[in-house]
Amino acid sequence: MSAAPRVTLVVHGRLWDGAPLAHDALAIAAGRIADVGATAALRERWRALVEREVDAAGATVTPGLIDAHLHLLPWARAADDVALAGAAQRADAVARVARFLGERPGAWPVVGRGWEASRWREAPHRAALDAVSGDRPVLLHSHDFHALWVNGAALRAAGIDARTAAPPGGVIERDAAGEATGVLRENAVRLCAELERDAARAAGSDAERLAAAARALHAFGITAVHDFERGADAFRAMHAFATGPGPRVRVLQCLGETQLDGAIALGIASGVGDDAFRVGALKLFADGTLGSSTAAMLEPYEGSTSRGLETLEPKRMNELVRRASESGIAVAIHAIGDRAVRNALDAFEAAGPARARPRLASRIEHAQLVDEADLARFAALGIVASMQPIHCTSDARLARERWGARCAGAYPWRTLLERGATLAFGSDAPVESPHPGSGLAAAVTRRAADGVPFEPRQRLTLDEALAAFTRVPAALSGAAGRLGTLAPGAHADLVVWDRDLHREAPERLHEARASCTVFAGEWVHGAAAAVPARGAGTGP
Ligand SMILES: [Zn+2]
């Protein structure tokens, strides 16, 4: 048999690589994009080696999508959790927990997620859960993962009582008598980390869950992720996943504060690794979220005296940013409110020339509200704005309620681009679905669930939105020219869509699906659509 690589042609596509290309075909060989050109020319040039041909039939072909901010392990584990999204009242949530406990009897802790109490008549309270759970610990994450509602058994197991002090940047909610109500906020959520690990171990295997998650991402057209789940457990699991033999995606893995000393001691900097798995930025939290009213604000929330919560003291943030930067470790700071964004930019500015030392760019995650005075500072300091278009449309109602007139500066994608900033897009899954059609639709329409566009001046073009989901995050992971592009020589990570995205009405872009996905030259989704060009066998 010939040692020459087998070649697959994708023909009659509308190729997109930063902009629509004039060519309509590409050749894939040995896991790479081997050639780009006209269908007839490629058929002729590769005739002797072509094993199969895939007809894109006029649909868009893009590089594989890269989700620049998600938490893959929690998303993968979600299938084993109590689903609380859409629970209209506390009683609905409790009923779902009761049903779940009945279906999965045992003593291990149960985890749930997705509750959103801003419209509930009764606030979350441990007693409501105790009534259905007995001695079995129950831990329920809010929709934004910045609050945890637990029962009495979980409080006891985690050793939280009337005397427990909240960690810095965290809140243990208490009743008038000083007893914990069962609601933990921000950094206090971590008091139950051990229990959550027990729950995950008891309910199944992370390796299997991650393989299932990879298949789901491939079906979405996603071939790489920037993972923002912190800690050694997530790091180990993601490394095994991204470098193992099973279904996988490429991973840029963040570090948590607890991993910083070890990384510095070992000389592990951002950019270490390869295109399968690479060490990313140190992840810090400057504040909470809009949904929990814990995003740190320059001025109080509408109709309130609260300015949210600084979950990391500015002085400490400055120290961490400087220390990490000096050791070549980029920093990614979660900052949602305008005060948190300013604190984060101040910390990068205070790091001085050390800011430029890491091989990968530092970034601010979310940047949902940016004060006018800070908009140009992203570009000036070389800090990337890593944002999630779906947050804009999902949270539009909340933003209008709590930020009022300040919404003019909310989710300011267009202005950030105009002021020279680099914009990367992700989903923040499991907070939102990583389905890219939804992200693209949100980016180009900014149309909220009620149909009203939110600050429509900030809309992006489809090309700008696609770039923020492909070539920009590729560059941020140190893989410019190898990922996020269809250029010859790049990894063959690509998506054949089910339609011509540029001819689709913007408001219908959320219906766009990946019809085929290729990862490292392998057809990992929709491969049945591929027609062998000669004979049925593709074996050697
Ligand atoms: Zn996140």
Side-chain angles (χ1 to χ4, degrees), residues 65-78 81 85 111 113-114 116 141-148 169-170 185-187 189-190 193 196 213 217 222 224-231 233-235 237-238 249 251-259 280-292 294-296 308-309 311-312 317 330-337 340-341 344 362-369 383-395 398 411 423-436 438-439 442 468-469 473 476-477:
L65 271 74
I66 303 174
D67 191 312
H69 183 125
L70 54 56
H71 306 255
L72 196 59
L73 200 47
W75 188 63
R77 286 174 177 169
D81 291 351
V111 174
R113 64 192 191 100
E116 211 277 292
H141 286 282
S142 61
H143 167 73
D144 60 17
F145 287 84
H146 285 249
L148 187 69
R185 294 194 186 277
E186 302 303 337
N187 290 343
V189 171
R190 282 190 237 155
E196 270 199 77
L217 291 176
I222 295 171
V225 301
H226 296 185
D227 191 79
F228 279 94
E229 194 62 9
R230 299 168 298 162
D233 283 354
F235 192 95
M238 293 297 287
V249 294
V251 172
L252 181 72
Q253 186 64 40
C254 82
L255 301 170
E257 209 180 311
T258 56
Q259 295 162 283
L282 168 70
K283 169 89 183 285
L284 300 176
F285 280 82
D287 67 348
T289 66
L290 167 62
S292 301
T294 46
L309 199 64
T311 50
L312 188 59
M317 181 154 50
V331 186
I333 303 179
H334 164 116
I336 287 181
V341 171
S362 285
R363 36 205 276 183
I364 293 182
E365 304 301 316
H366 313 307
Q368 291 179 15
L369 189 65
I383 302 304
V384 170
S386 166
M387 304 171 82
Q388 298 73 34
I390 195 77
H391 283 329
C392 167
T393 50
S394 293
D395 294 345
L398 266 182
Y411 316 98
L423 199 57
F425 278 166
S427 66
D428 206 10
V431 175
E432 300 286 349
S433 163
H435 175 237
S438 307
F469 274 117
L476 297 181
S477 69

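Treat the numbers as computed from the prediction; the structure is a model and nothing was measured. Both counts, for ligands and for their atoms, begin at 1 and track the order of listing.
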Problem set entry | Candidate pair D67 and S427, rule side chain to side chain donor-acceptor pair (under 3.5 Å), full reasoning | CA-CA 7 Å; D67 191 312; S427 66; 2.7 Å; yes
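- Taking all atoms of both residues into account, the shortest heavy-atom contact from A332 to E365 is CB-OE2, 3.6 Å.
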Exercise. For E186 and H146, what are the C-alpha separation, side-chain angles and deciding distance, and is it a side chain to side chain donor-acceptor pair (under 3.5 Å)?
Worked result: CA-CA 5 Å; E186 302 303 337; H146 285 249; 2.7 Å; yes
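- Remark: the backbone N or O of H435 is paired with a side-chain donor or acceptor of S433 at under 3.5 angstrom.
- Nearby protein atoms of type N, O or S around the Zn ion (ligand 1) amount to 3 (distance under 2.8 Å).
- With sequence neighbours left out, R77 forms a salt bridge (Lys or Arg N to Asp or Glu O under 4.0 Å) with D206.
- H366 and H334 have perpendicular rings, their planes meeting at more than 60° on a 0 to 90° scale where under 30° would count as parallel.
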